Amino acid sequence: MDGEGQRAAASWENGTLAPVDRLRSERADSPTPGLVEGTEPGAGQKSAMFVHAQSFEDLTAEAEEEARRETELDKSGECADDLKALEEQHSNDVSSEARTKEEDVSSEAWRSHRKHVFVLSEAGKPIYTRYGTEEALSSTMGVMMALVSFVEAEKNIIRSIHADGCKVVFLTKSPLVLVGVSRTCQSDKELLRELQYIYYQIVSLLTLTQLNHIFQHKQNYDLRRLLAGSEYLTDNLLHRLDRDPGLLLSAVTCLPLPSSSRDVVSSSLQAAKSKSLVFSILLAGDRLVTLVRKKDQFLHHIDLHLVFNLVGSSSSFREGEGWTPICLPKFNTAGFFHAHISYLEPASELCLILVSTDREDFFNMSDCKKRFLERLSKRTAYTALKEALKCPSYSVAQVGIPELRHFLYKSKSSGLYTSPEFPEVYQSDEEQERLMGLYQDLHSCLHHPTRPLRSFYRCSESENLLAWVTSGFELYLCFSPLGTKALAVSAVTKLLKWIRKEEDRLFILSPLTY
Amino acid sequence: MVLLGGSGVGKSSLAMRFGRDEFYTTSPTVGCAYMTRVVHLSDVTLRFEIWDTAGQEKYHSVTPLYYRGAHAALLVYDISKRETFIRAQMWLKELENQYIQGSTVIWLVGNKGDLAQNRQVSVQEGQGLASHKGLFFIETSALSGEHISELLQSVAHRVYESIGGHQGGLSEWQETPIVELQHRDTSNPFASCCKVGP
């Protein structure tokens, strides 16, 4: 498999992928254009917008370290059976209150969910469950906590239980314990990554300082009191984890927009600054239009995804201007930023998020928005932007590779990815989730903790898949099942050329600071 | 004007009725939503700046920002949920520590009048608490729109009366001269939530 990767790499080196016109001078110096970080298609010209990190590793690094320190503990059979028995035993005696996610936790339907997520306190108190009610699960969560502490008592850490087609993954993030139970074929590492996201979601609502403070004072505190009314954020985040390639790739996608228009939008945003303003983010649905940041301050893609989740999950910002404390855990787990969130026009998809450090700064932020909108609406770029909103994605047919059905391309140095809309064959939700599942599989092979792969080709009945990672980019391609490996490899070169040609439109090449 | 009350009692729905006279189900407010609404009385026009706060407990620490210096506070509860009535009383206690006698008019609003068949808080109870504490009382339904415009009109009247004597909202600005100096040019409504407009 690696051989394939090298062959494709060789075909690069004839220089056909040299950057287009104005970029050529800066980028062509690289001996292997596109293969060196920072020269791949979609890489920003100046500095990156985001915290520059090996993002996937970044999420799992801590867990890996723990793993190295501790011997892996795979308890099979027995233990899981105990767990199951206990679940059965206890789930009948609790009457659950009226709630939309009310579901009988003793039912087969509840058991057969693909992926469960539980959050509990170190005292074993339930905090969150994806399905059913926490009340009904208090004894099950008690068992989970018992397992964690039992292993801890032996100076060890429980990481996962594999049994009966199920993976049970544990993540201890004092003062919280997160448990994932999955029937999917995702690796432990992938599941841990998802639990990390959930952990950060909770921190973003409360800050870690507050969490620690609460549990130091009262170990058996019921955290649901503070999270009440926000469960939908976690629900939505879990839904996104199943569907959004951005969360998988640790990257963000942009609204395709001519770079001239994007530059005007960015500079209008840059001009509407204020002393306490740290980040100005303009979103179109789930796509980034532009992001302007304070010099030397970087936003982490996880934080950005949490912001996306907050904005995308709530309709309340449609009514007037929102002003909310928000912790960006990758930036600082200790404190709150204050975000001014509003849509540019009542029915518009364009949402502006102004992140400030000062909680009394609402009217300054409101004024920044006004100034930005005034400035922008005078320019033709605003019309171009609204025009671009009508087709927020593109068809894979534009690339001109008939066998290619879908792809994900991530530029590592800019932290941005691009992907066409799903083709006909993947129109249903189940099919899209299945394809995402395949990508997740490839992703976990490429990022295997001990045996990472550089490239991977897989044939199956319904599609052929190719994944390739270099120091500059990650690429996942989905071909029709009739394609061949040679064809797939040649498609890579063609696709990268196309992305290079379109990079002005698909990526943010010149991010601005105030 | 600031809307206070427990989670899910219908503060945002009331605010939406004030603003657009529409009703649809909202998702929980995140932090706080700000909107403005112009009310015409017979001889003056008032511009209300409405702070629709989130009822969730985790946002409690920030709510004082909004009710500090407000001219009108609506304490909203759900007539079909007793606990929200108790929560409204807690909000009242908190307000009493903060507001300046005579400059903030407080309404006790029993919302969800359309759920009268599941009523857990009687009209007499609401009325009783209101008269005991010197509040105004009304029952509304954001769903049907019942008593919404009456509420807004009477709030406007009372606010106008209470600030009519002094100019604008200057009485409480004098109480906090530092805030005034800092925020006068940005007309910070944390200090003054409602101005007599053109």
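These figures come from a predicted structure and were not determined experimentally. Residue numbers start from 1 in every chain, and the chains themselves are labelled A, B, ... in the order their sequence lines are given, proteins ahead of strands.
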>> Could you go through B:Asp78 and B:Ser80, starting from their C-alpha distance and side-chain angles, then the distance that decides it, and tell me whether this counts as side chain to side chain donor-acceptor pair (under 3.5 Å)?
In response: CA-CA 5 Å; B:Asp78 174 351; B:Ser80 67; 2.7 Å; yes
> Highest number of heavy-atom pairs under 4.5 Å with chain B: which of A:Gly322, A:Gly320, A:Ser315?
Replying inline: A:Ser315
> When only pairs under 4.5 Å are counted, which of A:Ala339, A:Ser313, A:Gly229 shares the most heavy-atom pairs with chain B?
Replying inline: A:Gly229
Is it the backbone or the side chain of [X] that comes under 4.5 Å from a heavy atom of chain B, or both, or neither?
{"X": "A:Leu227", "value": "backbone"}
{"X": "A:Tyr232", "value": "side chain"}
{"X": "A:Leu226", "value": "both"}

> When the ring centroid of A:His300 is compared with that of A:Phe331, is the distance short of 6.0 Å?
Replying inline: no
> Looking at A:Tyr343, is A:Arg318 sitting on its ring face, NZ or CZ under 6.0 Å from the six-membered ring centre and within 45 degrees of the normal?
Replying inline: yes
>> Any salt bridge linking A:Glu321 with A:Lys370? Criterion: basic side-chain nitrogen under 4.0 Å from a carboxylate oxygen.
In response: no
>> For chain A, which candidate among B:Gln56, B:Met16, B:His60, B:Met35 shows the most heavy-atom pairs at distances under 4.5 Å?
In response: B:Gln56
>> Let's test your reading of the structure: which of B:Cys32, B:Gly8, B:Ala33 forms the most heavy-atom pairs below 4.5 Å with chain A?
In response: B:Cys32
>> Once you measure the plane-to-plane angle for A:Phe362 and B:Trp51, does it fall in the parallel (<30°), tilted (30-60°) or perpendicular (>60°) bin?
In response: perpendicular
>> Determine whether B:Ser141 and B:Asp114 satisfy the following criterion, side chain to side chain donor-acceptor pair (under 3.5 Å), listing intermediate values before the conclusion.
In response: CA-CA 6 Å; B:Ser141 165; B:Asp114 47 290; 2.6 Å; yes
